[in-house]
Amino acid sequence: MLQDKKILIGITGSIAAYKTILLVRMLVKAGADVKIVITPSAKDFVSPLVLSTLSKNKTISELSTNDSWENHVMLGRWADVFLIAPLSCNTLAKMANGICDNVLMAIYLSATCPVVVAPAMDEDMWKHAATKRNMATLKKDSVQFIDVNNGELASGLIGEGRMAEPEEIFTFLIENFFRTTEFVGKKILITAGGTIEAIDPVRFISNHSTGKMGFAIAEAFYLQGAEVIIVAGNVQVTTKYKGIKVVSVTSADEMYKATLQYFKLSNIAVLSAAVADYKPITTAKEKIKKKEQILSLNLIKNKDILATLGNTKKRNQFVVGFALETNNENENALNKLKSKKVDVIILNSLKQKGAGFKTNTNQISIYNKNGSVINFDLKTKAAVANDIVKYIKNSI
Ligand code: CTP
């Protein structure tokens with residue numbers, strides 16, 4: 001994921017430095033080339049030996065040693081991004097004032113790459129007027145901030161000022177610097193999850209969909225540069241990417257309305273939602289009491305969102321649907337492809353172990369309107385999402 005990406009990490013004196021050790025490991029595992037520079041006081045919190053071993057590069061802590069001089073200018077040019085995590089109050093103040101009294105500051109002042117900071121301090125320091133002033137100055141200087149969290153602080157107090165977790169910093173870096181460009185300028189619409197059709201104020205009709213597959217597809221598109229909107233019904237997942245817009249709906253009618261609204265501006269729509277085919281003709285205003293021995297519900301068909309998109313799509317719009325089947329898979333998938341007039345149907349069969357609802361894996365076959373069928377192996381939903389996105393890229 002981060003192959004050939006160059007990340008320079010600055011560590012300053014803060015307890016939160018222990019989290020940066022984990023972050024370094026995550027980045028290296030993802031394929032990044034990581035170099036680390038630390039301030040003198042950071043040495044009290046993390047060992048350069050640990051950092052050098054994990055990053056596979058010598059940790060830089062001095063501007064010069066005996067007979068050699070650290071080329072700080074080249075480091076700031078080498079990196080795709082310079083992350084300072086944790087950023088202490090002291091280094092924040094130095095950055096705001098351009099004070100160059102250690103190698104980290106020398107690199108910061110000569111860096112030509114983007115600079116991102118993840119502050120860590122106690123709440124009182126975090127809220128101090130001087131800190132706010134310094135942060136405003138850094139923002140004006142185009143330094144990007146990773147939000148602090150609320151929680152237990154080094155002082156033992158609970159409050160704002162905790163450095164973001166390694167996973168959050170990792171996600172921030174990916175989202176802001178390392179998305180690829182295959183789908184730049186493309187608007188993608190995804191539906192995900194099940195819909196809920198109310199019977200009365202406490203009961204409803206729904207299904208086992210969790211939204212996992214739809215969210216995985218949305219993230220795969222997003223990481224390849226697309227602008228992504230998810231119209232999400234009842235889901236059990238969220239996305240960690242702030243740039244993915246999630247529009248929450250409940251019923252099939254609401255999903256229909258929202259999907260049609262966003263489809264107008266979309267280049268590609270992938271409808272993975274498990275839309276309830278029927279809804280109660282009327283929703284009881286009060287809770288239905290258990291009086292009768294047999295209770296019948298009268299249901300009426302919901303509008304077919306995918307078929308509406310298939311029938312109204314413009315020539316430059318690409319529409320993909322899913323077919324979740326328990327029998328006659330091939331025939332049903334082909335029928336859906338034709339009757340709903342879509343470009344592609346992705347079949348997943350509930351017969352296949354490890355495919356369908358709730359699992360983290362899926363096994364799909366892709367049916368194209370030109371008559372081709374491709375069967376894929378059982379994979380994680382993230383890997384399946386990548387296959388789908390790659391297939392769409394080659395088809396549009
Ligand atoms: N779909 C939809 N609107 C509906 C029903 C389904 O947009 N009211 C979409 C689903 O999101 C999926 C595709 O149609 O992309 C197929 O859904 P599926 O439940 O497999 O099939 P149905 O069309 O509902 O037909 P059946 O229940 O008879 O298999």
Side-chain angles (χ1 to χ4, degrees), residues 188-198 204-218 221 229-235 237 247-264 266 268-281 299-313 317-352 355-358 362-369 373 381 384-385 388-389 391-392 395:
I188 317 289
L189 172 65
I190 310 281
T191 67
T195 63
I196 287 185
E197 313 300 323
F204 57 80
I205 299 171
S206 193
N207 54 62
H208 295 296
S209 175
T210 59
K212 274 184 192 168
M213 194 65 247
F215 272 64
I217 297 168
F221 271 118
I229 295 178
I230 307 176
V231 175
N234 184 30
V235 293
V237 283
V247 178
S248 294
V249 295
T250 305
S251 64
D253 283 339
E254 285 174 23
M255 187 172 274
Y256 177 86
K257 237 170 119 183
T259 306
L260 260 61
Q261 180 195 331
Y262 291 108
F263 183 59
K264 284 189 204 129
S266 302
I268 299 167
V270 181
L271 271 54
S272 69
V275 186
D277 289 334
Y278 292 90
K279 65 178 175 186
I281 290 185
L299 304 177
I300 184 165
K301 233 185 197 173
N302 274 321
K303 287 181 212 134
D304 193 312
I305 307 168
L306 183 64
T308 309
L309 263 49
N311 279 297
T312 57
K313 79 184 183 78
Q317 288 181 305
F318 195 83
V319 176
V320 178
F322 270 74
L324 180 68
E325 307 296 342
T326 55
N327 61 326
N328 298 335
E329 291 90 341
N330 192 40
E331 192 188 327
N332 286 333
L334 284 168
N335 278 343
K336 278 176 192 167
L337 187 68
K338 280 200 197 105
S339 65
K340 302 199 190 206
K341 298 205 176 104
V342 293
D343 297 287
V344 163
I345 281 284
I346 300 165
L347 167 74
N348 40 177
S349 166
L350 278 190
K351 268 191 195 154
Q352 166 76 39
F357 293 134
K358 291 184 180 166
N362 204 2
Q363 194 270 315
I364 58 161
S365 301
I366 301 189
Y367 292 71
N368 185 304
K369 68 173 177 198
V373 184
K381 284 190 173 164
V384 171
I388 293 171
V389 169
Y391 183 92
I392 294 172
S395 307

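Predicted, not measured: the structure shown is a model, and the values here were computed from it. Counting starts at 1 for both ligands and their atoms, in listed order.
In summary, the side chains of Asn362 and Lys381 do not present any donor paired with an acceptor at a separation below 3.5 Å, with no hydrogens or angles considered.
Few gaps surround NZ on Lys313; more than 12 heavy atoms of other groups in view lie less than 6.0 Å from it. Atom CZ of Phe204 has 12 or fewer neighbouring heavy atoms from other residues, nucleotides or ligands inside a 6.0 Å radius.
For Asp277, there are no salt bridge (Lys or Arg N to Asp or Glu O under 4.0 Å) partners, not counting sequence neighbours. Taking the side-chain contact (heavy atoms from CB on, under 4.5 Å) definition, one finds that Asp304 meets it with Leu306, Ala307, Lys340, sequence neighbours left out.
Listed by chain and number, Leu271, Ala273, Val275, Asp277, Lys303, Asp304, Ile305, Leu306, Gly321, Phe322, Ala323, Leu324, Lys336, Lys340 each place a non-hydrogen atom less than 4.0 angstrom from ligand 1.
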Solution key, residues 188-195 side-chain donor-acceptor pairs under 3.5 Å, sequence neighbours excluded:
unit_1: Thr191; atom_1: OG1; unit_2: Ser272; atom_2: N; d: 3.2
unit_1: Thr191; atom_1: OG1; unit_2: Ala273; atom_2: N; d: 3.1
unit_1: Thr195; atom_1: OG1; unit_2: Glu197; atom_2: OE2; d: 2.8
unit_1: Thr195; atom_1: OG1; unit_2: Ala276; atom_2: N; d: 2.9

